[in-house]
Amino acid sequence: MARDNARRGPSRRGQGAPQPSQPGRGGQRRGRDQRAGSRSGGGAPGGRQAQGGRGQRGPKRPAPRSQRASGRQDQPRATTPGSDLIEGRRAVAEALDAGVSIRTAYVQDGAGSPEGADRALAALVRRLADAGVECEAVPRSRLDRLSSHGAHQGIVVKTKPFSYATIEDVIAAAGEGDALVVVLDHVTDEGNFGAIVRSAEVVGAAGVVVANARAATVGPGAYKTSAGAVLHLPIAQVPNLARAIDRLKEAGFWACAATEHAEQDVWHAPVYGRLALVMGSEGEGVSRLVLGHCDFCARLPQRGRVESLNVAQATTVMCYEWLRRASEGARSDA
């Protein structure tokens, strides 16, 4: 799987293609001063440079290691225990459509019966029963206790633990052309996490990568705020985000860190092609360690007085900028 940059990136916009790089360790190719400049916004971000609103990639990066990549392709998907509850009608319907194994459905007493006034819920209960799921009528107070944020809409189902993907699953889903992967640097709020997954799925991202510790997991809040998108997009849990970013770069991706300290805004940064978009946590942003493995930075322009958008809103804006560039590239290649 190669970084076909000559065909996909700057050359498509009338600029010279970057030269192939020499093998090396992705996280060690940049000096301390470069990382500091990227973090603070002083000097040019390490990586792609914006010239006249178009991106020109800069520092060299390791060439793909085909043997190493192919050796990882057959790794099994990792199953990590997480929350086993899904709440809300749309999320439950999405789970049924995706073939998620549901053990039990807890339905508000009387609301889901054929004689009840709520026909939509009754139809969903019939679908669950036809799928062989045991449906148990319970008081609303019990659903309120089970609910993560009080939006169960009269139904909560218990499932088997969510099956996370591996980084190789995400790379496989990306194929060989332009692709977007969203990397979350310890985003902890489950609602934000679910909203980010929803945005990523809507724009056609290949997957989302999260840490396996000190980060939000796929639970009731994520099922709900993603509107079931967690069931349609590979979500990889990894022990080391920096290594995961390096692996994505070996597979042809350029890593962009979203930070308010970036010199380039998202409209002028080269947010296109095979892109790993790295978003930071709600309080700390992108960590220094992870930032040191990114190729360039980008920020959102703003005019108002509020400090910034939250991470879910910011991710949505940047995902759509990638989609806009991808759409432009498709038109110009036609």
Side-chain angles (χ1 to χ4, degrees), residues 1-13 15-30 34-35 37-39 44-51 53-65 69 167 170-171 173-185 200 203-209 241-259 262-280 286 290-299 315 318-319 321-326 328-329:
M1 186 177 298
R3 299 164 60 82
D4 194 5
N5 294 326
R7 180 168 55 84
R8 70 175 178 91
S11 61
R12 190 174 64 198
R13 292 164 169 78
Q15 298 188 12
Q19 297 301 312
S21 56
Q22 297 300 319
R25 293 185 180 274
Q28 296 177 351
R29 69 191 185 283
R30 299 170 56 203
Q34 288 176 298
R35 289 197 297 269
S38 176
R39 177 71 171 179
R48 305 181 184 179
Q49 301 290 328
Q51 297 181 0
R54 299 297 184 186
Q56 176 66 40
R57 298 180 178 85
K60 295 180 179 180
R61 288 254 296 277
R65 301 175 185 175
I167 191 67
V170 173
I171 291 171
E176 296 186 359
D178 290 1
L180 174 68
V181 173
V182 179
V183 180
L184 302 182
D185 187 3
V203 303
V208 175
V209 179
L241 287 173
R243 291 177 186 170
I245 291 170
D246 286 345
R247 178 68 192 99
L248 288 168
K249 291 194 294 188
E250 289 176 354
F253 287 83
W254 293 89
C256 168
T259 169
E263 184 177 79
Q264 301 177 95
D265 64 40
V266 69
W267 315 136
H268 298 94
V271 181
Y272 57 83
R274 287 176 76 80
L275 185 74
L277 176 61
V278 182
M279 305 299 299
V286 179
V290 170
L291 193 67
H293 288 253
C294 294
D295 298 300
F296 68 101
C297 302
R299 59 176 171 79
T315 304
M318 299 193 82
C319 283
E321 176 60 10
W322 173 86
L323 180 61
R324 184 183 73 82
R325 304 279 189 95
E328 282 184 353

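Note that the structure is predicted; figures quoted are calculated from it, not measured.
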Which atom of [X] lies closest to which atom of [Y], heavy atoms considered:
{"X": "His293", "Y": "Lys249", "answer": "O-NZ, 2.7 Å"}
{"X": "Ala258", "Y": "Val286", "answer": "O-CG2, 3.6 Å"}
{"X": "Trp322", "Y": "Tyr272", "answer": "CD1-CA, 3.8 Å"}
{"X": "Val266", "Y": "Met318", "answer": "CG2-CE, 3.7 Å"}
{"X": "Ala298", "Y": "Cys256", "answer": "CB-SG, 3.8 Å"}
{"X": "Leu323", "Y": "Val203", "answer": "CD1-O, 3.7 Å"}

How far does [atom1] of [X] sit from [atom2] of [Y], to the nearest 0.5 angstrom?
{"X": "Leu241", "Y": "Asp246", "atom1": "CG", "atom2": "CG", "answer": "11.0 Å"}
{"X": "Ile171", "Y": "Glu250", "atom1": "CD1", "atom2": "CD", "answer": "8.0 Å"}
{"X": "Cys319", "Y": "Leu180", "atom1": "SG", "atom2": "CG", "answer": "5.0 Å"}

> Residues in side chain to side chain contact (heavy atoms under 4.5 Å, CB included) with Ala200, at least two apart?
Replying inline: Val182, Ala205, Val208, Leu233

>> Among residues at least two apart in sequence or on other chains, which ones pass side chain to side chain contact (heavy atoms under 4.5 Å, CB included) with Ala174?
In response: Ala179, Ala206, Phe253, Arg274

> Is there a side-chain contact between Val183 and Val290, using heavy atoms and a 4.5 Å cut-off?
Replying inline: no

> Between Arg324 and Glu321, is there a side-chain N and carboxylate O pair less than 4.0 Å apart?
Replying inline: yes

